[in-house]
Amino acid sequence: MSKPRSAAAAGKDFPYDLPTTCFIEVSNDGSVSQGIDVQAYERAVAGTSRLFAVWPGTYSSDLFAIDDLDAYARAVGIIHDQERTGLTEHEHQIRWQPADLDSNGHGAYIYVVVHFECGCAIRDLRAFADQMRAQRGWDVATSSGWSGSGDRFTVRVRRRSLSA
């Protein structure tokens, strides 16, 4: 039986945030659980468990030991990573307006054009959604993507949350 490969050795190419990557936690007592959460990360940092990932390939899947816990935590959003997300942890200075894409003026969600005046950019929609929920009460849809570049982005937001 072969040993798991090193996720750290794969460097920035390791797909921590790929939806098909399966994370496994093996505790020191031998119990096994699956998934990503802050508690699993904290147990791994404390040395009471180890984290592994199964990276599905085309013809086979490979097992990797998560041996750079900080890289893992930044990639899955446990620790904020400005470089990966494009977002500084601060109160964003934005202007926003409904996008011309909104053909249904009564739908639950509306497309919104966000213009960052603070120099941030969206590279991670989930991180942006978390920050906007905390700062403005917005419910940003993360099941669909976003468009834009520079300082202007179009995202879907639950219409009612815009007035919060």
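The basis for the numbers below is simple: all heavy atoms, side chains too, and nothing from hydrogens, waters or symmetry mates.
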- prompt: So which residues get pulled into Val113's cluster when ILVMFWY side chains under 4.5 Å apart are joined, directly or through others?
  reply: none
message: Any non-hydrogen side-chain atom of Trp138 less than 4.5 Å from a side-chain atom of Leu162?
response: yes
message: What I'd like to find out is whether the side chain of Tyr109 reaches to under 4.5 Å of the side chain of Val140, using heavy atoms alone.
response: no
task: Identify whether Leu63 and Phe23 are in the same connected component of the hydrophobic contact network (ILVMFWY, side-chain heavy atoms under 4.5 Å).
output: no
- request: Taking all non-hydrogen atoms of both residues into account, name the closest pair between Pro4 and Ala65 and its distance.
  value: CB-N, 3.8 Å
query: Are Phe153 and Ile94 co-members of a hydrophobic cluster defined by side-chain heavy atoms under 4.5 Å apart?
result: yes
- request: Could you pull out all residues at least two apart from Phe52 that satisfy ring-ring contact (aromatic ring centres under 6.0 Å, His included)?
  value: none
- prompt: Between CD1 of Ile24 and OG of Ser49, what distance do you get to the nearest 0.5 Å?
  reply: 12.5 Å
query: Tell me, do Trp96 and Val157 make a side-chain contact under 4.5 Å, heavy atoms counted?
result: no
- request: For residues Ala99 and Thr154, report the shortest heavy-atom separation together with the two atoms involved.
  value: CB-CG2, 4.3 Å
field: Separation of Gln39 CD from Ile78 CD1 (nearest 0.5 Å)
entry: 9.0 Å
Heavy-atom pair of closest approach, residues Ala73 and Tyr41: CB-CE1, 3.5 Å
message: Is there a path of hydrophobic side-chain contacts, each under 4.5 Å between heavy atoms of I/L/V/M/F/W/Y residues, joining Trp55 to Ile66?
response: yes
message: Taking the side chain as everything from C-beta on, heavy atoms only, tell me whether Arg43 gets closer than 4.5 Å to Ser27.
response: no
task: Treating Ile, Leu, Val, Met, Phe, Trp and Tyr as nodes and any side-chain heavy-atom pair under 4.5 angstrom as an edge, say whether Val26 and Phe64 lie in one connected cluster.
output: no
Please table the atom pairs, donor to acceptor, closer than 3.5 Å between any side-chain atom in residues 118-131 and protein atoms at least two apart or in another chain.
from   : atom 1 : to     : atom 2 : distance (Å)
Arg123 : NH1    : Glu83  : O      : 2.5
Asp124 : OD1    : Arg126 : N      : 3.0
Asp124 : OD1    : Ala127 : N      : 2.8
Asp124 : OD2    : Arg84  : NH1    : 2.3
Asp130 : OD1    : Arg133 : NH1    : 3.4
Gln131 : OE1    : His92  : NE2    : 2.4

message: I need the minimum non-hydrogen distance between Asp68 and Ala8, along with the two atoms involved.
response: CB-CB, 3.9 Å
